Amino acid sequence: MSIYVRDFEDIAGAALANLAHPHRIAPGNFSSLRNIRIENGTLAKRPGTKWQATSSEALRVLKIKMGYNQAGSIVNRLVACGTKVQYISGTTLVDVVSHPAMTTGLPPEIEFYGNVFYYSNGVDTQRQISNTATPTSSAWTLSGLPAAFIPTAMTMHKDRMYVLDDDDMYMSSFGNPLTYDVTEAYKIPGDKSGRYVTTIKSFGDWIGLFAGDYWLSMKGTGIFSHRIQHIPKGPPLIAPRGVIEYNGLAIAITTEGLLRWDGSSPPRNLDPRNQINWNNMNFKTKNFTFLARDEDHVYLFFQHKGSANVASATVAAPPRGLVTSVYGASSRLRNISRSVAPVAAPANVQHYYAINMENGKVSGPHDGKFSCAEWEDWNLNDEHNLWVGSSQSDGKVYKMNQADVWVDEYGDTGVNSGNGLTYPCEIITGGLHGVGAEGESSMDACSVELIRIKATAQPSPSGVLEVQVAYNEEIDRPAV
């Protein structure tokens with residue numbers, strides 16, 4: 001198979017990974033929808049992001065966690081950044097506690113229960129933080145457990161805290177994450193390879209435990225009713241934060257792709273048409289690979305490898321574009337594996353795919369320099385916004401998918417006087433081709449008369465609409 005290759009630079013200056021040549025893509029399908037989403041059969045520019053606050057730590061944001069105090073009508077948003085755990089007050093972050101080990105860049109675990117945040121990073125002494133008007137920190141003593149026990153993973157499940165360290169898991173007393181019985185312990189069954197469970201999460205009626213090459217599900221509500229099901233040699237979990245809950249199901253990033261699991265049946269592939277370009281992703285940077293939920297979408301965030309892309313037809317930078325002359329795509333073609341010298345990527349550049357859980361359609365890769373995400377509740381005036389932390393060394397926090405702005409970082413006075421940054425929108429499609437000599441696809445048998453864009457106003461006065469149709473007349477393309 002032969003494909004034609006060109007460099008395709010992203011907004012940070014590093015090339016995204018290659019995709020299939022347009023001539024190899026069926027009409028009506030796309031190999032990329034960059035910063036463009038499929039909405040009711042049309043293609044629309046994704047909404048922008050709004051700046052919310054900046055940490056004095058000026059480092060990568062590791063974790064965001066929401067807490068709701070119904071009695072006091074208090075909403076707190078804890079942010080772990082640099083060596084500090086802070087809370088958002090207005091547009092600044094106020095220190096709660098310092099944890100030196102966070103400089104390793106490992107995202108901490110934070111659970112919220114009974115108006116208290118429970119925090120552990122697996123190294124420093126664990127803490128509990130009050131969900132009050134001015135949050136305060138105190139020691140979180142795991143009464144009944146060995147003094148040296150520090151949770152590396154934990155989850156709240158049916159009013160009990162489950163804490164894990166390597167292959168030892170303990171369950172708290174009912175309604176009290178402070179007290180434990182050392183006899184109520186579980187030795188997690190593994191494959192004796194040293195690949196311990198790295199992620200534990202509640203999925204409503206069951207708990208999922210995920211390791212490097214096996215999965216476990218645990219059902220029941222106490223020591224006498226728990227049942228553990230072991231799935232040996234299951235799809236390896238790629239990243240500790242690569243698991244989220246979606247309506248009682250586990251969604252996980254694995255070496256077999258993006259899988260959905262109910263804890264009992266065999267896992268099912270969420271991307272059977274290979275709409276996600278997995279070769280685009282750098283899985284060596286595990287802390288930059290994670291999942292988040294926003295309403296009926298799941299977002300797969302990743303750091304790209306940086307490699308060449310292909311010649312293509314593109315539509316660039318519509319202020320608010322609805323492309324109506326190219327009909328809605330059902331899928332894109334998976335990357336054709338090949339050897340390409342990687343292009344050096346800037347530090348911590350992120351992208352993400354958006355998976356519509358209702359219809360299975362995928363868009364992306366979108367631009368988004370984020371290292372963590374948290375979905376707020378419909379609670380105390382919150383409206384299910386997705387909060388994200390910056391992957392850059394700037395300590396910034398944003399809200400994603402803000403339908404009233406069509407730029408990123410809107411409201412940050414240090415970025416274009418608060419007007420934000422425009423971002424490019426690109427469509428790479430194979431739907432504009434005919435058939436040439438010897439069965440080769442060719443534009444010779446196809447003419448483009450009209451590309452229709454519907455554009456409306458956007459906040460940035462510097463917004464520019466540009467349409468480019470790229471075509472390479474070379475017939476004998478170099479083999480790759």
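Position 1 is the first residue of the sequence, and the numbers go up from there. As the structure is a prediction and not an experimental result, all values here were calculated from the model.
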Quick check: does any side chain N or O of [X] sit under 3.5 Å from a backbone N or O of [Y], one acting as donor and the other as acceptor?
X: Asn416; Y: Asn419; result: no
X: Trp387; Y: Gln52; result: no
X: Thr152; Y: Gly122; result: no

Problem - Parallel, tilted or perpendicular: ring planes of Trp261 versus Trp215, cut at 30 and 60 degrees - result: tilted

Handout entry: Side chains of Arg160 and Phe174 in contact at under 4.5 Å (non-hydrogen atoms)
Key = yes

Handout entry: Note, Ile238 side chain near Thr255 side chain (heavy atom, < 4.5 Å)
Key = yes

Exercise for the section: Show your reasoning for whether side chain to side chain donor-acceptor pair (under 3.5 Å) applies to Asp367 and His351. Expected result: CA-CA 5 Å; Asp367 300 322; His351 299 276; 3.2 Å; yes

Fill in the blank from the handout: Those residues at least two apart in sequence (or on a different chain) that pass ring-ring contact (aromatic ring centres under 6.0 Å, His included) with Trp51 are none

Exercise for the section: Show the numbers, then the answer: is there a salt bridge (charged side-chain N to carboxylate O under 4.0 Å, His left out) between Lys50 and Asp404? Expected result: CA-CA 10 Å; Lys50 282 186 177 180; Asp404 57 340; 2.7 Å; yes

Practice task
Going by the side chain to side chain contact (heavy atoms under 4.5 Å, CB included) test, name the single residue among Leu291, Ile244, Ile355, Asp294 that passes it with Tyr299.
Solution key: Asp294

Practice task
Mind jotting down which residue pairs meet the ring-ring contact (aromatic ring centres under 6.0 Å, His included) criterion with at least one end in residues 122-142? Sequence neighbours excluded, please.
Solution key: Tyr118-Trp140

Problem - Ring center gap for Phe370 and Phe290 short of 6.0 angstrom - result: no

Problem - is_close_aromatic(Tyr170, Phe149), centroid dist under 6.0 Å - result: yes

Problem - Ser137: partners by side chain to side chain donor-acceptor pair (under 3.5 Å), with sequence neighbours left out - result: Arg127

Handout entry: Geometric cation-pi criterion, Arg46 with Tyr423: 6.0 Å, 45°
Key = yes

